[in-house]
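Computation of the quantities below employed the complete heavy-atom set of this structure, encompassing side-chain atoms and omitting hydrogens, waters and symmetry-equivalent molecules. Keep in mind the model is a prediction, meaning the values are calculated, not measured.
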Amino acid sequence: MQAEYIISGQVLSFEHSPFDANTPEDAARLHEAVAIGDGKILAVGTKAGLQADHPGTEVVDHGDHLILAGFVDAHVHFPQTAIIASWGKRLIDWLNSYTFPEEMRFADRAYADDIANRYLDLTRANGTTTMCSYGTIHPESVDAFFSAAKARGQRVIAGKTCMDRNAPDGLRDTPQSAHDDSAALIARWHGVERLSYAITPRFSPTSTPEQLEAMGALWADHPDCLMQTHLSEQTDEIAWVKTLFPDARDYLDTYESFGLLGARGVYGHAIHLEPRERDRLREVDAALVHCPTSNTFIGSGLFDMAGLMADGHRVGLATDTGGGSSFSMLRTMAAAYEVGQLRGTPLHAAQLLWLATQGSARALRLDDCIGNITVGHEADLVVLDLASTPAISQRSARAEDIWEAVFATIMMGDDRAIAEVWINGKRD
């Protein structure tokens, strides 16, 4: 196939996980250029070699900018876009004070459309090309999000949030309506172009056992869907779960006993896990998602990235907008580094970039099509300017290798570092 574009710069790809390498940088390779066409990556190699193979193809030259797979955000709440950075509450008060009142507004499809487009504009400006999002209880919220993403050609995952207790009037469904609404959304959207559905019980405190059972039955009927929820985010949340499910062995058991534990399960936060929970999550190869800006902003705790990766867990990275305090995966990587420092296990730049791309794609079971620059993958790319501000420029000028240079952008960068974004082979 003739390429439509050859994009040149410092093209970063991963051959395997930097968590498994003797030294993290051994997992990565730098190339001079990538050729794309029909929304796919056709080849990587030298600029001259690709030009020879694809004569007459337009060359987009990015000099010494870093080109990598578009960022993948594995856990977000797009309906919380407008309330990001709301002051001073811990999880349960935060939900009651900010989240639930805002989510009530998504019964209005026009409002849902506006926020969906606003969210996708903000995340694209920050280099994020794929995300896995919660909706609200309203099917209209999912319709709005999928419609906006489809119009942009984005690969996204989303689902209607299901909750039938411990939420305000007007923001609760029922076991039956949650099942039926979700099933209808799966039929309407799952597998359409680049869209996928995630069955979405918010978390066990807001679902009765009857609703969790209905969600488990729905997942059994649609095993190719992801199932996303929250797990062990805060200690007071865990104590609450124990009062609501007195017979459960632990928090994870409130999902496991209703058929909501499996390989395509995606569990946000997972900070305060018991040994049994860690063992079972690893046994079924479920995904855990680290949300570092959220965990520090809401005061939840410090995720054990090093320990979980060493034990063989599947782990992704996420902003958790709007509990998280930024739409930027660069800021999220910086926060993950800081959390690692507090635990005595700082992450290498290669590990951070892998988590924000291939790691999150693996968590979402999409690593066969996104999250890396490799032949056959979809052409979702982000181009990073490694000298986007005077502060970053003066630091990167002293860098002795690419990792030292990109680390300055990870720690100090923002949307000004995003030189260009390509989604499905089309640039912004």
Side-chain angles (χ1 to χ4, degrees), residues 14 16-20 27 68-77 123 128-134 154-159 194-200 203 219 223-233 252 255 260-271 273 277-278 280-295 303-321 323-324 329 332-333 335-336 339-340 347 350-372 374 377-378 380:
F14 287 100
H16 51 268
S17 167
F19 288 91
D20 298 333
L68 63 156
F71 297 137
V72 180
D73 195 341
H75 179 103
V76 308
H77 298 260
T123 50
T128 299
T129 54
T130 291
M131 69 289 298
C132 186
S133 184
Y134 289 61
Q154 284 192 249
R155 180 167 291 286
V156 302
I157 304 170
R194 303 184 77 201
L195 311 176
S196 300
Y197 196 85
I199 295 164
T200 308
F203 65 159
W219 198 17
D224 57 328
C225 288
L226 295 182
M227 189 288 301
Q228 62 178 345
T229 192
H230 298 80
L231 176 66
S232 297
E233 183 174 357
L252 183 65
Y255 300 126
L260 293 170
L261 176 63
R264 297 183 69 83
V266 182
Y267 302 86
H269 303 290
I271 301 171
L273 296 176
E277 294 174 306
R278 291 172 68 122
R280 287 294 291 136
L281 289 160
R282 185 183 63 252
E283 286 169 8
V284 303
D285 197 23
L288 309 178
V289 185
H290 181 26
C291 307
T293 70
S294 172
N295 298 159
F303 185 83
D304 182 16
M305 177 67 75
L308 290 164
M309 294 301 288
D311 288 344
H313 285 270
R314 187 179 293 258
V315 179
L317 189 66
T319 63
D320 191 28
T321 306
M329 288 296 284
T332 302
M333 284 182 265
V339 169
L347 298 174
Q351 295 171 325
L352 294 165
L353 290 173
W354 183 87
L355 284 167
T357 54
Q358 186 74 353
S360 286
R362 286 186 73 249
L364 301 177
R365 304 285 172 165
L366 293 175
D367 52 310
D368 61 338
C369 60
I370 62 168
N372 202 8
T374 189
H377 271 44
E378 295 164 359
D380 294 341

Any donor and acceptor pair, going by atom type alone, linking the side chain of [X] with main-chain N or O of [Y] inside 3.5 Å?
| X | Y | result |
| --- | --- | --- |
| Q228 | S133 | yes |
| Q154 | T129 | yes |
| S360 | G316 | no |
| T200 | Y134 | no |

Distance alone, cut at 3.5 Å: any donor-acceptor contact between the side chains of D320 and H75?
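There is such a pair between these side chains.
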What I want to check is whether the side chains of D73 and T128 have a donor and an acceptor closer together than 3.5 Å.
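T128 and D73 do not have a side-chain donor-acceptor pair below 3.5 Å.
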Report the distance from atom [atom1] of [X] to atom [atom2] of [Y], rounding to the nearest 0.5 Å.
| X | Y | atom1 | atom2 | answer |
| --- | --- | --- | --- | --- |
| L281 | L231 | CG | CG | 6.5 Å |
| S294 | F303 | OG | CZ | 12.5 Å |
| R362 | L355 | CZ | CG | 10.5 Å |
| L353 | F14 | CG | CZ | 5.5 Å |
| L308 | L273 | CG | CG | 6.5 Å |
| D380 | L68 | CG | CG | 11.5 Å |

If we only count heavy atoms from C-beta on, is the [X] to [Y] side-chain gap below 4.5 Å?
| X | Y | result |
| --- | --- | --- |
| Q351 | M305 | no |
| I157 | M131 | no |
| L261 | Y267 | yes |
| V266 | C132 | no |
| S17 | Q358 | no |

Heavy-atom closest contact ([X] atom, [Y] atom, distance):
| X | Y | result |
| --- | --- | --- |
| D367 | H377 | O-NE2, 3.0 Å |
| L364 | A74 | CD2-O, 4.0 Å |
| T357 | A69 | CG2-O, 3.4 Å |
| L317 | V289 | C-CG1, 4.1 Å |
| L347 | A336 | CD1-O, 4.2 Å |
| T130 | R155 | OG1-O, 2.8 Å |

Are the ring centres of F203 and H269 closer than 6.0 Å?
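Centroid separation for F203 and H269: 6.0 Å or greater.
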Report yes if the distance between the aromatic ring centroids of H290 and H313 is under 6.0 Å, otherwise no.
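Ring-ring flag for H290/H313: false, centres at least 6.0 Å apart.
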Would you sort out whether Y255 and T229 count as a side-chain hydrogen bond (donor to acceptor under 3.5 Å, both in side chains), showing the intermediate values?
CA-CA 9 Å; Y255 300 126; T229 192; 3.1 Å; yes
With the threshold set at 4.0 Å, does a side-chain nitrogen-carboxylate oxygen contact exist between D224 and R264?
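No salt bridge links D224 with R264.
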Any ion pair linking R365 and D285 (charged N to carboxylate O, less than 4.0 Å)?
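Yes, charged N to carboxylate O under 4.0 Å.
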